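Below is one structure, written out as structure tokens; comments come after it.
Source: prediction; values computed, not measured. Atoms within a ligand are numbered from 1 in the order they appear, just like the ligands themselves.
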Amino acid sequence: MNILVAGGTGYIGSHICVELIEAGHDVVVIDDFSNSRPEVLDSIEKITGTRVKFYEFNILDEEKTENVFKENQLDAVIHCAAFKAVGESVAKPIEYYENNLMTTLIMAKMMKKYQVNSIVFSSSATVYGDPKVVPLTEDCPLGETTNPYGTSKAMMERVLTDVQFANPNMSVTLLRYFNPIGAHESGLIGENPKGIPNNLMPYIMKVATGELPCLGIFGDDYDTPDGTGVRDYIHVVDLAKGHVLAIEKYQEPGVHICNLGTGRGYSVLEIVHAFEKVNHVKVNYEIKERRPGDIATCYADPTRAKEQLGWVAEKTLEDMVRDSWNFLQKKKCFYYGARQASTDLQRRMFGQEIEQKYKIKIQDFQYDTFFNRIRSGDGSKLV
Ligand code: UDP
């Protein structure tokens with residue numbers, strides 16, 4: 001199939017492109033780099049050996065969007081172009097509603113005009129609001145969303161459902177993501193948000209590198225085993241594979257709704273400790289007030305994805321925390337190529353001594369961080 005991935009250089013979009021190409025599909029990408037970088041296109045090419053056809057603009061530009069539909073014989077659309085920072089959405093509701101809703105409307109309009117009848121939409125477990133029961137099945141009632149980002153996702157689901165009703169030939173798939181983390185195992189693509197992160201894993205990573213001093217854990221008095229919030233973290237590569245299956249299998253007309261989660265919840269403290277253990281780095285944290293709008297526990301019932309798509313999340317929590325960190329380390333090497341060149345030499349000179357002193361095995365991708373901490377006398381951060 002020839003598939004348009006809107007938002008294809010973003011964190012999730014880039015992994016979707018890789019999996020689509022590896023499954024034999026052709027990919028066309030639109031992105032305005034509002035939360036991604038042009039190098040991602042090179043990284044996708046490095047991983048897959050294929051250069052995707054790329055257009056740089058915001059889908060709000062209807063004329064340019066129409067040109068993409070004119071120039072390409074598209075079979076389907078995967079729409080993951082949206083603003084997604086919860087806090088920012090509270091401060092900028094107009095921008096969020098305009099961008100997220102209008103791009104979806106324009107996309108639907110073009111699909112109708114050019115008879116592209118299949119769309120997979122990036123939705124979110126946030127549409128369930130504060131769940132009465134877990135695990136969440138797709139039949140659970142939709143809840144009240146607590147910020148414009150979440151509300152825009154719920155509204156976009158509604159828009160696409162109505163569009164499908166009026167255009168019965170269409171297949172509309174709403175994929176409700178739980179908490180995607182991790183990165184491609186190559187370390188070439190991953191999550192690299194601009195500014196101070198809102199989500200847990202990017203925040204942990206910035207604390208681990210020393211860029212931010214301390215992780216605030218939002219509440220330790222929830223009704224959960226250790227008091228911190230429990231979420232269903234899913235490896236982004238598993239998530240991307242779910243999209244490939246959804247686009248291939250949900251071809252019959254109708255609205256298809258499917259959760260993409262693992263079915264297992266982990267607490268914030270479990271994530272922090274797994275990250276420390278697997279990557280041998282310390283993550284400073286302190287317990288803070290609960291974050292407004294947060295819920296105690298949220299995890300998926302992934303039965304439908306298994307039954308209808310033959311999809312199950314395969315990667316473990318270890319894979320998730322290791323791949324997230326690996327991406328960050330590789331990215332650093334990419335940007336600081338000259339420093340990386342000297343890493344081998346440093347390793348030969350000092351590596352053995354450090355490994356013996358701290359009784360650790362330094363892996364290549366961790367070396368830079370270890371070396372800098374030890375050089376600055378900060379052995380205490382090693383575990
Ligand atoms: N969280 C935290 N500190 C942070 C960011 C997140 O303690 O700096 C917690 C948050 O309260 C929730 C979990 O981590 O329990 C996942 O939050 P995230 O924002 O990543 O995703 P959400 O499930 O809220 O969409």
Check your understanding: Does one side chain, of Tyr55 or Asn72, offer a donor that lies under 3.5 Å from an acceptor on the other?
Key -> yes

Point to revise | Any side-chain donor near an acceptor of the partner, His256 and Gln308, under 3.5 Å | key: no

Can you pull out the closest protein heavy atom to [atom]? Residue, atom name and distance to 0.1 Å, please.
atom: atom 19 (O) of ligand 1; value: Arg291 NH2, 2.8 Å
atom: atom 12 (C) of ligand 1; value: Arg231 NH2, 3.7 Å
atom: atom 20 (O) of ligand 1; value: Leu200 N, 2.8 Å
atom: atom 18 (P) of ligand 1; value: Asn199 ND2, 3.5 Å

Any atoms of ligand 1 less than 4.0 Å from a non-hydrogen atom of [X]? List them with their elements.
X: Gly229; value: 15 (O)
X: Asn198; value: 5 (C), 19 (O)
X: Asp294; value: 10 (C), 11 (O), 24 (O)
X: Tyr233; value: 13 (C), 14 (O), 16 (C)
X: Gly216; value: 2 (C), 3 (N), 4 (C), 7 (O), 8 (O)
X: Ile217; value: 7 (O)

Check your understanding: Roughly how far apart are Glu270 CD and Tyr233 OH, rounded to 0.5 Å?
Key -> 10.0 Å

Testing [options] one by one against [X] for a side chain to side chain contact (heavy atoms under 4.5 Å, CB included), which residue passes?
X: Thr103; options: Glu62, His79, Glu98; answer: His79
X: Glu191; options: Pro197, Pro180, Pro202; answer: Pro202
X: Leu4; options: Ile78, Val27, Val29, Val28; answer: Val28

Review point. Looking at ligand 1, does any of its N/O atoms fall within less than 3.5 Å of an N/O of Phe218?
Key: yes

Heavy atom under 4.0 Å from ligand 1: found in [X]'s side chain, backbone, both, or neither?
X: Thr228; answer: neither
X: Val268; answer: side chain
X: Asn179; answer: side chain

Review point. Given Asp319 and Arg322, is the salt bridge (charged side-chain N to carboxylate O under 4.0 Å, His left out) satisfied, shown in steps?
Key: CA-CA 5 Å; Asp319 297 329; Arg322 185 201 56 230; 3.3 Å; yes

Practice item. Verify side chain to side chain contact (heavy atoms under 4.5 Å, CB included) between Thr151 and Tyr96, making sure each step is shown before the conclusion. Key: CA-CA 10 Å; Thr151 309; Tyr96 267 66; over 6 Å; no

Review point. Any side-chain heavy atom of Gln251 within less than 4.5 Å of one from Ser171?
Key: no

